[in-house]
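A quick note: this is a predicted structure, and the numbers were derived from the prediction, not measured.
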Amino acid sequence: MVLSTIFAAQYTRMARSAMIEQLQEEHVRTAKAKGMSRRYVFFRYAWRGSLIPIVTIFGIDLGSLLGGAIITEYTFSLPGLGNLAVQAVFYSDLPLLLGVMIFSATMILLFNIIVDACYAFIDPRVRLA
């Protein structure tokens with residue numbers, strides 16, 4: 001809960017502005033003019049197009065989430081990688097700190113690859129190479 005409240009307002013603003021922008025696009029107006037139902041146009045054209053910037057910001061925020069978890073875990077005395085990293089700094093355990101940082105960097109890289117792969121499912125114009 002603590003970590004998600006930071007991003008809630010940003011995602012709400014982003015979703016609203018992306019949806020407004022998509023509803024004004026030419027292909028959405030054309031679909032409405034062809035007589036398609038509002039619900040079909042919304043989910044088929046507008047909603048899928050508005051997800052792309054949200055997924056992009058989500059991929060970037062995963063790195064911040066890992067960094068924020070360190071502070072949250074230490075503040076609430078929760079066991080986890082963040083608390084382990086802080087203890088490694090206090091005891092000057094460099095191999096442990098290096099392991100935590102390499103694991104965190106690997107997870108950020110993995111999440112970015114997953115987000116890029118999600119683009120192919122959201123937008124049919126994007127293809128996986």
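Residues forming a side-chain hydrogen bond (donor to acceptor under 3.5 Å, both in side chains) with Tyr40 (at least two apart in sequence, or on another chain): none. A search for side-chain contact (heavy atoms from CB on, under 4.5 Å) contacts involving Ile122 returns Leu51, Ile52, Val55, not counting sequence neighbours. The side-chain hydrogen bond (donor to acceptor under 3.5 Å, both in side chains) search around Asn83 returns none, not counting sequence neighbours. Listed by chain and residue number, Ile20 satisfy the side-chain contact (heavy atoms from CB on, under 4.5 Å) test with Gln24 (two or more places apart in sequence, or in another chain). Scored by the side-chain hydrogen bond (donor to acceptor under 3.5 Å, both in side chains) test, Tyr119 finds Thr56 as partners (sequence neighbours excluded). Among residues two or more places apart in sequence or in another chain, the side-chain contact (heavy atoms from CB on, under 4.5 Å) test is passed with Tyr11 by Phe7, Ile54, Ile57, Phe58, Asp61.
Pro53 places a side-chain heavy atom less than 4.5 Å from the side chain of Met14. Leu94 has its side chain out of reach of Ser92: every pair of non-hydrogen atoms, C-beta onward, lies at least 4.5 Å apart. Here the side chains of Gln22 and Tyr45 are not in contact, with every heavy-atom distance at 4.5 Å or above.
To the nearest 0.5 Å, the span separating CE on Met107 from CD1 on Ile102 amounts to 14.5 Å. Rounded to the nearest 0.5 angstrom, Ile60 CD1 and Ile108 CD1 are separated by 11.5 Å. A distance of 11.5 Å separates CD of Glu73 from CD of Gln87, quoted to the nearest 0.5 Å. The CZ atom of Phe103 lies 9.5 Å from the CG atom of Leu110; values are rounded to the nearest 0.5 Å. Within the model, atoms NZ of Lys34 and NZ of Lys32 stand 15.0 Å from one another, a figure rounded to the nearest 0.5 Å.
Linking ILVMFWY side-chain heavy atoms closer than 4.5 Å, directly or via other members, places Met36 and Phe43 in a single hydrophobic cluster.
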